[in-house]
Amino acid sequence: MQSGVFCLSASPFLSLRKTHTAFQPTRVSASTSKLNNLIITSSSSIPRQLSFSLPLSSSISSKLHHFHARATSVPDSAAADSSDSNALLNTLELGALFGFWILFNIYFNIYNKQVLKVYHFPLTVTALQFAVGTLLVAFMWGFNLCKRPKLSPNQLAAILPLAVVHTLGNLFTNMSLGMVAVSFTHTIKAMEPFFSVLLSAMFLGENPTAWVLASLVPIVGGVALASATEVSFNWVGFWSAMASNLTNQSRNVLSKKLMVKKEESIDNITLFSVITVMSFLLSAPVTIFMEGVKFTPAYLQSAGLNVSQVYIRSLLAAFCFHAYQQVSYMILQKVSPVSHSVGNCVKRVVVIVSAVLFFRTPVSPINAFGTAIALAGVFLYSRVKRLKPKTT
């Protein structure tokens, strides 16, 4: 039977005495003396709280047990609700990031194509995009929205090659967008997995699996079919897009091969910010030397262009260019590289469809079929990258 515990407080100065009793000295026996000594010793050591165990009925005991069970179950349910709400918020945040990634990419390609169609200076456009990105990075560092990095000379030396290939990759992309349709440029850029496998095998010693090699077949075949039937096909635009694939994948390989030690490494977002600033410092003098200063209002007016439209669309394209890459790195910190590749494939499909609809690009059935095969190969490649080769 269960018992309840009750506490009784007693003062250490509490004394017991009889009233209306006169003191009469008497002869005390030995046994009585021992008893008195025991009482005096016990009373001087009485604790502040005395505990007594009293029996409780079974009904009261069961009610107390039920109350204890309910009291202990409340925090568990609250913790579960908190965990579910956090998971829901993380899912919504990730979904919003993917949405902004695709949206910024769509607007970048539309505004960028509108500018490059009438303003044929891809170096100037590229330098302007890095300049706007540098201003955004300086704003975030200045207001502590992002932690300002303190880089060592070894880190700067390791990042410099990444900035070089990053600058060349975006320059070649702008050159391709200025020469061919947006949809065709992104169809060619679907060849990125091919260059990734090739460069990783050459410089990192990574041997691709049979499944990875098999996924490259529809990518190469689809791009070849789409190129053969492309209305806006141009060799300069084609090779510029191919060069963009080569430089972008070289950046990924160099980031694995040339990055500094792990204890000195920096996060992806900070790395992207530093690369943006370095790319502007690299592209600005080359642009002035190669193309001169041809973005002034006087020059645009002499070329018969609408100055306000060119400026506004150029700035919007530059903002979207930096924003979609910033969001891409934020997503990469939350998901695995394979999931990021799947999202990149979906993004490319949406960009191609949006560009075809916005610019009303003529697309033949065979061209659309080739593009679909290439994109399906990219999706297959991102899935088979999960498979790890068996080791003995």
Given F108 and F104, is the ring-ring contact (aromatic ring centres under 6.0 Å, His included) satisfied, shown in steps?
CA-CA 6 Å; F108 162 71; F104 284 135; over 10 Å; no
Going through the distances and angles, do R313 and N112 end up as a side chain to side chain contact (heavy atoms under 4.5 Å, CB included)?
CA-CA 7 Å; R313 291 173 180 176; N112 206 32; over 6 Å; no
Should Q326 and I331 be marked as a side chain to side chain contact (heavy atoms under 4.5 Å, CB included) after you check the CA-CA gap, both sets of side-chain angles, and the distance that decides it?
CA-CA 9 Å; Q326 179 85 28; I331 293 174; over 6 Å; no
Please walk me through it: do F272 and M330 pass side chain to side chain contact (heavy atoms under 4.5 Å, CB included)?
CA-CA 10 Å; F272 169 68; M330 294 172 64; over 6 Å; no
If you apply the rule side chain to side chain contact (heavy atoms under 4.5 Å, CB included), what do you find for I188 with T185, and how did you get there?
CA-CA 5 Å; I188 302 172; T185 297; 5.9 Å; no
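Between the CD1 atom of I275 and the CD atom of Q325 there is a distance of 9.5 Å, given to the nearest 0.5 Å. Here Q114 contributes atom CD and L316 contributes atom CG; the two are 10.0 Å apart, rounded to the nearest 0.5 Å. To the nearest 0.5 angstrom, N248 atom CG is 10.5 Å from F195 atom CZ. Note that the CE atom of M175 and the CG atom of N234 stand 10.5 Å from one another [nearest 0.5 Å]. Here the OG1-CZ distance, from T371 to R348, works out to 12.0 Å after rounding to the nearest 0.5 Å. Of the inter-residue distances, the one linking T276 atom OG1 with N170 atom CG reads 9.0 Å to the nearest 0.5 angstrom.
Linking ILVMFWY residues whenever their side-chain heavy atoms come closer than 4.5 Å, directly or via other members, leaves L89 and L97 in distinct clusters. No path of Ile, Leu, Val, Met, Phe, Trp and Tyr side chains, each step under 4.5 Å between heavy atoms, connects L116 with Y107, placing them in separate hydrophobic clusters. Under the 4.5 Å side-chain heavy-atom criterion for ILVMFWY residues, no single connected hydrophobic cluster contains both V342 and V353. A continuous path of hydrophobic side-chain contacts links L156 to V164 [ILVMFWY only; heavy atoms under 4.5 Å].
Within 6.0 Å of CG on L160 lie more than 12 heavy atoms contributed by other residues, nucleotides or ligands.
The shortest heavy-atom contact between W101 and G343 is CZ3-C, 3.8 Å. In plain terms, the two heavy atoms of G169 and S244 that are nearest each other are O-OG, 3.3 Å. Shortest non-hydrogen contact noted between V180 and S232 is CG1-O, 3.3 Å. Summarising the geometry of V307 relative to P297, their closest heavy-atom pair is CG2-O, 3.9 Å, with the distance given to 0.1 Å. Residues I219 and G377 share a closest heavy-atom pair of CG1-C, 3.4 Å. Of all heavy-atom pairs between V350 and I102, the closest is CG1-CG2, 3.7 Å.
A tilted orientation is assigned to the rings of F139 and F143, their planes being inclined by 30° to 60°. Taking the six-membered ring for Trp and thresholds of 30 and 60 degrees, F321 and Y324 have ring planes more than 60 degrees apart, a perpendicular arrangement. Aromatic ring pairs are classed by plane angle as parallel below 30°, tilted from 30° to 60° and perpendicular above 60°; the pair F121 and Y119 is tilted.
Contact of the Y381 side chain with the V197 side chain is registered, since non-hydrogen atoms from C-beta on lie closer than 4.5 Å. At a threshold of 4.5 Å between non-hydrogen side-chain atoms, the residues F184 and S227 count as touching. Put simply, the side chain of V125 does not reach to within 4.5 Å of the side chain of S314, judged on heavy atoms. With a 4.5 Å cut-off on side-chain heavy atoms, S250 and L199 count as touching. Counting heavy atoms from C-beta outward, L305 and Q301 have side chains that stay 4.5 Å or more apart. Two residues are said to be in side-chain contact when any heavy atoms from C-beta on lie closer than 4.5 Å; F98 and H340 fail this criterion. Between L375 and F379 the shortest side-chain heavy-atom distance does not fall below 4.5 Å. Using a 4.5 Å heavy-atom cutoff, the side chains of S273 and W141 are in contact.
Applying the salt bridge (Lys or Arg N to Asp or Glu O under 4.0 Å) test to pairs two or more places apart or on separate chains, none has a residue in residues 118-146.
A centroid separation of less than 6.0 Å is found between the aromatic rings of F295 and Y311. A distance below 6.0 Å separates the ring centres of F130 and H166.
Residues satisfying the side chain to side chain donor-acceptor pair (under 3.5 Å) test with T167, not counting sequence neighbours, are S279.
One N or O on the side chain of S302 and one on the backbone of Y299 form a donor-acceptor pair closer than 3.5 Å. With hydrogens and angles ignored, the 3.5 Å screen pairs no side-chain donor or acceptor of K113 with any backbone N or O of V182. Side chain of E206 to backbone of S200: no donor-acceptor contact under 3.5 angstrom is found. Using a distance-only test at 3.5 Å, with no hydrogens or angles considered, no donor-acceptor pair links the side chain of E192 to the main chain of N245. Listed for the T287 side chain is a donor-acceptor partner under 3.5 Å among the backbone atoms of S283. Under the 3.5 Å distance criterion, the side-chain polar atoms of N144 are left unmatched by any main-chain donor or acceptor of M140. A donor-acceptor pair under 3.5 Å is absent between the side-chain atoms of N367 and the main chain of V363, judged by distance alone.
Using modelled atom types and a 3.5 Å distance limit, the side chains of T126 and N174 yield a donor-acceptor pair. Side-chain N/O atoms of S308 and N306 include a donor and acceptor closer than 3.5 Å.
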